[in-house]
Trainee: 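Just dropping this structure here.
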Amino acid sequence: ILGGSSAGPHQRPYMASLQVDGQHVCGGLLIAEQWVLSAAHCMEDMKGKAFQVLLGAHSLSQPEPHKRLYAVRAAVRHPGSNTETNDDDLLLLQVSEKATLSEHVKILPFQRQDVDVPPGTLCEAAGWGFTSHSGRKPDVLQQVERPVKSREECNKRPYHDNTITDKMLCTDSRKKDTCKGDSGGPLICNGVAEGVVTAGARVCGNFKKPGIYTRIAAYVDWIDGVMAAAGE
Ligand SMILES: NCc1cccc(NC(=O)c2cccc3[nH]c(C(N)=O)cc23)c1
């Protein structure tokens, strides 16, 4: 997160950190007791290694009573996701057992109505991604408030030039933005998860490349279907 601030401890108890060898790779959000939603592109950063899901964390390094690392029982990428585009950039992770819910670990409701968030709506992104262009990594969860940018505007040059589909949304990226390591985390508008961070143009904090998010409401049937089909 560029240009943001530290979240209050456990103020965002739905936040997940996807980790490989104890290192944060991507964000995620707890959407059911045993399911975390993230971004399909995060699997590319795993380099085929086993990864875990950290829940209940504020600091990545400090011991915290409610922090717990879960093994991943199943990782389901959206069938439309691919390495070349930002399309269908969603990943569903079934953790090894139902998460113990508490004040520090909670499910975040997601938008089920497939209606665009009005441009100008102030939303929040959170994550443990880069806090500077030089790739500085934070220890505690960061957050930033960003206004939604209309798809019409976002699809113009010099912005994203007609690559933003109906299943994506944009936020202004001037100075304050998501960045590497924030992928997979939520965009929250009025207390409801509306988007999942995607890397987009892989530049951060440049107003010419607004932040891009996958619109969760456009994937409700897929999400419900995967969770229903999976066993325990
Ligand atoms: N909202 C934009 C956004 C949102 C989420 C993820 C990203 N991922 C990057 O941008 C990225 C990716 C790879 C190497 C990188 N190096 C740097 C850098 N040194 O700034 C960024 C990156 C961008």
Side-chain angles (χ1 to χ4, degrees), residues 1-5 7 12 15-20 23-29 36-49 51 60 77-78 81-91 93 117 119 121-138 141-151 153-161 163-165 167-189 193-216:
I1 301 278
L2 295 190
S5 59
R12 298 182 183 281
M15 283 302 297
S17 165
L18 306 195
Q19 309 212 333
V20 173
Q23 291 299 306
H24 170 84
V25 170
C26 268
L29 58 146
V36 168
L37 182 63
S38 185
H41 278 113
C42 291
M43 291 291 280
E44 294 158 33
D45 304 332
M46 306 293 181
K47 300 182 184 59
K49 292 186 175 177
F51 63 102
L60 292 176
R77 269 178 280 206
H78 190 282
S81 63
N82 61 80
T83 54
E84 304 312 308
T85 72
N86 294 308
D87 295 334
D88 305 327
D89 190 13
L90 290 180
L91 171 67
L93 300 171
V117 180
T121 304
L122 286 178
C123 302
E124 299 159 341
W128 287 276
F130 285 6
T131 54
S132 74
H133 286 283
S134 54
R136 187 175 160 68
K137 296 178 181 181
L141 183 65
Q142 302 292 301
Q143 61 188 11
V144 71
E145 188 180 67
R146 290 284 75 200
V148 171
K149 190 182 191 70
S150 74
R151 184 172 299 103
E153 190 67 14
C154 198
N155 266 327
K156 290 177 183 170
R157 285 191 308 280
Y159 306 121
H160 287 300
D161 197 7
T163 62
I164 306 301
T165 68
K167 302 202 282 189
M168 299 171 189
L169 76 93
C170 294
T171 61
D172 178 84
S173 52
R174 194 173 163 280
K175 292 195 184 351
K176 300 180 176 187
D177 192 13
T178 47
C179 199
K180 183 173 170 60
D182 293 320
S183 294
L187 183 74
I188 302 140
C189 314
E194 293 278 358
V196 173
V197 178
T198 189
R202 297 191 158 222
V203 292
C204 312
N206 181 334
F207 80 96
K208 291 182 180 176
K209 296 303 169 206
I212 305 175
Y213 307 79
T214 304
R215 291 186 55 248
I216 300 170

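Read the numbers this way: they start at 1 and go in the same order the structure lists the ligands and their atoms. Computed from a predicted structure; not experimentally measured.
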Trainee: At a 4.0 Å cut-off, with the gap strictly under it, does some heavy atom of Cys179 reach an atom of ligand 1?
Mentor: yes
Trainee: Verify side chain to side chain donor-acceptor pair (under 3.5 Å) between Ser183 and His41, making sure each step is shown before the conclusion.
Mentor: CA-CA 8 Å; Ser183 294; His41 278 113; over 6 Å; no
Trainee: Considering only protein heavy atoms, which is closest to atom 12 (C) of ligand 1, and at what distance to one decimal place?
Mentor: Arg202 NH1, 3.7 Å
Trainee: In Å and rounded to the nearest 0.5 Å, what is the CG to OG1 distance from Asp177 to Thr171?
Mentor: 6.0 Å
Trainee: When you measure from the centre of the six-membered ring of Tyr159, is the NZ or CZ of Lys149 under 6.0 Å away and within 45° of the axis?
Mentor: yes
Trainee: Tell me: protein heavy atom nearest atom 23 (C) of ligand 1, and distance?
Mentor: Ala199 O, 3.4 Å
Trainee: Indicate yes or no: does an N/O atom of Ser132 lie under 3.5 Å from an N/O atom of ligand 1?
Mentor: no
Trainee: Quick one: look up the protein heavy atom nearest atom 18 (C) of ligand 1 and list residue, atom name and how far away it is.
Mentor: His133 O, 3.7 Å
Trainee: Quick check on Gly135 - does any of its heavy atoms sit under 4.0 Å from an atom of ligand 1?
Mentor: no
Trainee: Hey, does Ser183 come in under 3.5 Å of ligand 1, counting only N/O atoms on both sides?
Mentor: no
Trainee: Where the side chain of Ser38 meets the backbone of Gly27, is there a donor-acceptor pair that is under 3.5 Å apart?
Mentor: yes
Trainee: If we set the cut-off at 4.0 Å for heavy atoms, which region of Asp177 has an atom near ligand 1: side chain, backbone, both, or neither?
Mentor: side chain
Trainee: As an exercise, state the distance from NE2 of His133 to SG of Cys204, rounded to the nearest 0.5 Å.
Mentor: 6.5 Å
Trainee: What is the nearest protein non-hydrogen atom to atom 17 (C) of ligand 1, stated with its residue, atom name and distance?
Mentor: Phe130 CE2, 3.9 Å
Trainee: Does ligand 1 have a heavy atom under 4.0 Å from the side chain of Val203, from its backbone, from both, or from neither?
Mentor: backbone
Trainee: Short list, please: which atoms of ligand 1 are under 4.0 Å from a heavy atom of Thr198?
Mentor: 4 (C), 5 (C)
Trainee: Measuring from atom CZ of Arg146 to atom OG1 of Thr178, what distance do you get when rounded to the nearest 0.5 angstrom?
Mentor: 10.0 Å
Trainee: Nearest 0.5 Å, what's the CZ-CZ distance between Arg136 and Phe130?
Mentor: 12.0 Å
Trainee: May I ask you to say whether Lys156 pairs ionically with Asp161, meaning some side-chain N is under 4.0 Å from a carboxylate O?
Mentor: no
Trainee: Give the numbers and elements of all ligand 1 atoms closer than 4.0 Å to a heavy atom of Cys204.
Mentor: 10 (O), 21 (C), 23 (C)
Trainee: Rounded to the nearest 0.5 Å, how far does CD of Gln23 lie from CZ of Phe51?
Mentor: 16.0 Å
Trainee: Among Arg136, Lys180, His41, which one has a heavy atom closest to atom 8 (N) of ligand 1?
Mentor: Lys180
Trainee: For ligand 1, is there an N or O atom under 3.5 Å from any N or O atom of Thr178?
Mentor: yes
